[in-house]
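Okay, structure first, notes after.
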Amino acid sequence: MKDRLKREFYTRDTLLVAKELLGKYIIRKIAKRFLVGKIVETEAYIGPEDKASHSYQWKITKRNLAEFLEGGHIYIYLCYGMYWQLNITTSKNCTPECVLVRAIEPINEFKIKNVTLPAGRQELKISTPASAGASAGRQNSKFKIRNLTNGPGKLCDWLKLDKSFYGEDLVTSKRIWLEDGEKILPLQIIATKRIGIDYAEIWKHKPWRFYIKNNPFVSVE
DNA sequence: GTACAGATTGAG
DNA sequence: TCAATCTGTACT
């Protein structure tokens, strides 16, 4: 696991980490198989000072406790009673800042360097209800691959993430971690307002959402 | 115990 | 545009 991102990557400034997460690979190991996705969209939540954050004004609840872990841990929570949201903690211990992963691009081939798959191991095939059904030739738009991971709730479904990952350490976990991916140039990074936080007053205008320009897996334009 | 909002999503 | 769906939180 030579290329696994180390603690030092995560324990830096949250906005910097949010930008540098773009292009990184999420590796999810399920039994003897791997799911791999490239991060293409993120949002930064800057703890106590950010009204959109769950830890605004140092609010501490049973739900948001994982936000306070040092950089490199998973803060996952259920939204609207239906969708899990994958967050990666940043900065130092007891600094409740994190990055929401809003969209990933599924990687068909396992092209992570320096990782050899032992015999008998293989990547998970990316399957869609349409391909599984093998029905008529025309693919219904709602079954397109991009619709599997182009939103924070959907990517958690695809990666099979749930409450059991609460507080998981990406630096040491055997079932999920991040590896170095494609270098994203500053010119390829678009910064905009965050999604779905209209209640956050002045904070809703902060350009703390980042995505890779022209990437088809970004959630909304 | 009850009420209610919410870092979403897909259908209409 | 709108409702599904359920946990955490703040109430009574």
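Here is the naming used below: chain letters follow the sequence lines, and residue numbers restart at 1 for every chain.
Between the CH2 atom of Trp158(A) and the C1' atom of dT9(B) there is a distance of 19 Å, given to the nearest Å. Following rounding to the nearest Å, Arg63(A) (CZ) and dA5(B) (P) show an atom-to-atom distance of 15 Å. Tyr83(A) places its OH atom 13 Å from the C1' atom of dG6(B), with the value rounded to the nearest Å. Across the protein-nucleic acid pair, Ile74(A) atom CD1 and dA7(B) atom P stand 20 Å apart, rounded to whole Å. Rounded to whole angstrom, the span from the CD atom of Glu43(A) across to the C1' atom of dT8(B) amounts to 12 Å. Rounding to whole angstrom units, OH of residue Tyr77(A) and P of dC6(C) are separated by 17 Å. Rounded to whole angstrom, the span from the CG atom of Leu155(A) across to the P atom of dT8(B) amounts to 12 Å. The CE-C1' distance, from Met82(A) to dC6(C), rounds to 8 Å in whole Å.
Panel note: side chain Tyr211(A), backbone Val220(A); no donor-acceptor pair is recorded below 3.5 Å. With hydrogens and angles disregarded, no donor-acceptor distance shorter than 3.5 Å links the side chain of Arg4(A) to the backbone of Leu178(A). Without hydrogens or angle criteria, Asn64(A) side chain to Glu67(A) main chain gives no donor-acceptor distance under 3.5 Å.
Residues from residues 85-105 of chain A lying near DNA chain C, meaning a heavy-atom separation below 4.0 Å, are absent. Near DNA chain C, defined here as any heavy-atom distance below 4.0 Å, there are no residues from residues 52-59 of chain A.
Checking Asn215(A) against Glu105(A) by side-chain atom types alone, a donor-acceptor pair falls below 3.5 Å. Side-chain N/O atoms of Tyr45(A) and Glu43(A) include a donor and acceptor closer than 3.5 Å. Using a 3.5 Å distance cut-off with no hydrogens or angles, the side chains of Glu179(A) and Trp177(A) do pair a donor with an acceptor.
Lys51(A) approaches Ala200(A) most closely through the heavy-atom pair CB-O, 3.9 Å.
Taking the centre and axis of the six-membered ring of Phe9(A), the NZ or CZ atom of Arg12(A) falls inside the cone set by 45° and 6.0 Å.
Each of Tyr80(A) and Ile60(A) was assigned the nucleotide of DNA chain C with the nearest heavy atom; the assignment lying further toward the 5' end belongs to Tyr80(A). Between Lys154(A) and Tyr199(A), the residue whose closest nucleotide on DNA chain B is further toward the 5' end is Tyr199(A).
Residues in residues 93-102 of chain A take part in these side chain to side chain donor-acceptor pair (under 3.5 Å) pairs, two or more places apart or across chains: Thr14(A)-Glu97(A), Glu41(A)-Arg102(A), Arg102(A)-Ser219(A).
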Which dot-bracket notation, 5' to 3', represents the base pairing of DNA chain C when pairs are defined as Watson-Crick or G-U with both distances under 3.5 Å, crossing pairs as [ ], and inter-strand pairs as |?
||||.||||||.

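Side chain of Lys163(A), nearest nucleotide from dA7(B), dT8(B), dG8(C): dG8(C).
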Passes side chain to side chain contact (heavy atoms under 4.5 Å, CB included), Lys24(A) versus Glu182(A)? Steps please.
CA-CA 6 Å; Lys24(A) 296 289 187 289; Glu182(A) 297 171 26; over 6 Å; no

Please write out the pairs of protein N or O atoms and N or O atoms of nucleotides 2-4 of chain B separated by less than 3.5 Å, giving the distance to one decimal.
none

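Salt bridge status for Arg7(A) with Asp169(A): present, with a side-chain N to carboxylate O gap under 4.0 Å.
The hydrophobic cluster containing Leu65(A) also contains Leu170(A), counting ILVMFWY residues as joined when their side-chain heavy atoms lie under 4.5 angstrom apart, directly or transitively.
Counting only heavy atoms from C-beta outward, the side chains of Leu159(A) and Ile104(A) approach each other to under 4.5 Å.
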Quick one: side chains of residues 73-83 of chain A, donor-acceptor pairs under 3.5 Å with protein atoms, not counting sequence neighbours, listed by atom name and distance.
unit_1, atom_1, unit_2, atom_2, d
His73(A), ND1, Glu70(A), O, 2.8
Tyr75(A), OH, His54(A), ND1, 2.7

